[in-house]
There are 2 protein chains.
Amino acid sequence: MKTRKPLADQTAVHDQVYEAIRQALITGRIAPGKGVSLRSLAAELGVSPMPVRDAVRRLAAERALAINPANKRLSVPSLTADRLEQLSMARLWVEPELAARAALDADASLVRQLQAIDADVDEALRLGDVDRYMTANHAFHFAIYERAGAEVLEAMAGGLWLQVGPFMRVVFGRVGADGLAADRHAEAIAALKAKDADGARRAIAADLSEGMDKMRAAVEASA
Amino acid sequence: MKTRKPLADQTAVHDQVYEAIRQALITGRIAPGKGVSLRSLAAELGVSPMPVRDAVRRLAAERALAINPANKRLSVPSLTADRLEQLSMARLWVEPELAARAALDADASLVRQLQAIDADVDEALRLGDVDRYMTANHAFHFAIYERAGAEVLEAMAGGLWLQVGPFMRVVFGRVGADGLAADRHAEAIAALKAKDADGARRAIAADLSEGMDKMRAAVEASA
DNA sequence: GCGCGCAAACTGTGATCACAATAATGGGGA
DNA sequence: TCCCCATTATTGTGATCACAGTTTGCGCGC
């Protein structure tokens, strides 16, 4: 039944599973607070429980999944105002810092790349395509952060983004896709073009801040 | 051969393995840059490769172990000045923040607990007992951070501490156990006793800053 | 004596099975 | 009709095996 794959192709199965669950979490396909199980995920993805176990362990270490200490059962962390506040603080420190560092190494090719991605972001917003928006927005931010050349900080940002992901779905559920329409991407691009570290820091901070405010409002309203 | 343990005792095997490897990393028993393998770790710990796999995945997600993307082999991340600088920045943001929050909720029992731990720290320093010092120092800081009641930030601090751990061994190797003799623990305790959030923030920041400076010097000297 | 090449050992990965513990569900009694 | 207890299903965990890729190392030929 199972066609044993050639292997050494590219990515291991557990990485694909990781990415699949990650996407499911970010786009909110798995509702926060809901319990999941290894075998159910494995069946859903058509793989054995083994790679799912690996992926889940990784996600749990990144706090994208919670493990009930009593019965060791898995669940999606529920969205609380307290958690959101902590995640906001952390993001507002790491991500502007990464943007500032990136500004110092920015060049024309990066600017062009960002403009292309931002056009995609706007297109997704115009169409109201939530998944596409979230993917493009993620790509925009991390295209910048990657340029900072700060592996450790970038990984921190990635982990935070993953934890914040589920919150975004709440925003869309409340105010619709145009709830996040206003962003500071243009400002950020301009600052990077001018190699203005402080400007990039401020632009990203403002972008994040506005987004987190909307999430906070949504969480409070849904409580 | 293997006596199947009663199970439901307390902790799962993979958690014990995780803790064992974690300690080995922090105390520097596994040299940075060195490669490790699942089976060798399993044999050394007297368990099957299975729980080791779980523990290693977790450590890799926390960036306490590195996975070579080409051949998927495991190794201990090597200590570079760049990594240390990023870790320092991150710690200097998270940990003082946690200390400040903890100060708001501090009480007499916490102060007493911290005084006891700090006495142990001093004792370990006096004896030149490196392992005991590192354990006690860790206990001191996280007894404070735990009081902040900020789960997300505390987890971030834990991850950073784990990544910094191997660097500390370098300090001891260079300047001896009294290289870190001067700490700001007394200041921190005083600030917590007075519920002085800013004082606690400053004390912890100074404590970290001094320690990281010594590590930086040690890394540069050993390069 | 020095390389080259092939075989053996070792690596991570995935599947399958066994086991104990918890959760879910059913029926039978009051 | 409702509640309690026993049976069943499902859960995470760990062991063992199979497999393919990589590294290691040893012996043979030059």
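Just so it is clear: chains get the letters A, B, ... in the order the sequence lines come, proteins before strands, and each one is counted from 1.
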Going by atom type alone, with no hydrogens or angles, which donor-acceptor pairs under 3.5 Å involve a side-chain atom of residues 97-104 of chain A and a protein atom two or more places apart or on another chain?
{"residue": "A:Glu97", "atom": "OE1", "partner": "A:Arg201", "partner atom": "NH2", "Å": "2.6"}
{"residue": "A:Glu97", "atom": "OE2", "partner": "A:Arg101", "partner atom": "NE", "Å": "2.9"}
{"residue": "A:Arg101", "atom": "NH2", "partner": "B:Glu85", "partner atom": "OE2", "Å": "3.2"}

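Judged by distance alone with a 3.5 Å cut-off, a donor-acceptor contact links the side chain of B:Arg53 to the base of C:dG14.
Regarding A:Arg57, its CZ atom lies at a distance of 11 Å from the C1' atom of D:dG14, rounded to whole Å. If you take CG of B:Leu38 and P of D:dA15, they are 13 Å apart, rounded to a whole angstrom. For the pair B:Leu45 CG and D:dG14 P, the computed distance is 13 Å after rounding to whole Å. Remark: P of D:dT22 and CG of B:Asn68 are 11 Å apart, rounded to the nearest angstrom. What separates CG of A:Asp54 from P of D:dG12 is a distance of 14 Å, to the nearest Å. Atoms NZ (A:Lys72) and P (C:dA23) sit 13 Å apart, rounded to a whole Å. Counting to the nearest Å, the P atom of D:dT13 and the CD atom of B:Gln16 are 13 Å from each other.
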Taking N or O atoms only and anything under 3.5 Å, show me the protein contacts with nucleotides 5-10 of chain C, one pair per line.
none

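Both B:Val36 and B:Met50 lie close to DNA chain C; mapped to their nearest nucleotides by heavy-atom distance, the more 5′-ward contact belongs to B:Val36. When each of A:Pro51 and A:Ala70 is assigned the nucleotide of DNA chain C with its nearest heavy atom, A:Pro51 is the one assigned upstream, toward the 5' end.
A:Asn71 has no side-chain polar atom (N or O) that falls below the 4.0 Å cut-off from OP1 or OP2 of D:dT11.
Relative orientation of the A:Trp161 and A:Tyr145 rings is perpendicular, given thresholds of 30° and 60° on the angle between their planes.
Salt-bridge formation is not detected for the pair B:Asp54/B:Arg57: no Lys NZ or Arg NE/NH1/NH2 atom is positioned less than 4.0 Å from an Asp or Glu carboxylate oxygen.
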Checking A:Ser109 against A:Asp107 for the side chain to side chain donor-acceptor pair (under 3.5 Å) test, could you report, in this order, the C-alpha distance in whole Å, the side-chain angles of both residues, the deciding distance, and whether it holds? CA-CA 6 Å; A:Ser109 87; A:Asp107 60 10; 3.2 Å; yes
Before giving the answer on side-chain contact (heavy atoms from CB on, under 4.5 Å), spell out for B:Met89 and B:Val94 the whole-Å C-alpha distance, their side-chain angles and the decisive distance to 0.1 Å. CA-CA 9 Å; B:Met89 280 205 65; B:Val94 197; over 6 Å; no
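More than 12 heavy-atom neighbours from other residues, nucleotides or ligands sit within 6.0 angstrom of CD on A:Gln115.
In this structure the side chain of B:Leu84 reaches within 4.5 angstrom of the side chain of B:Ser88, judged on heavy atoms.
In this structure, of C:dT22, C:dG12, C:dG14, it is C:dG14 that holds the atom nearest to the side chain of A:Ser48.
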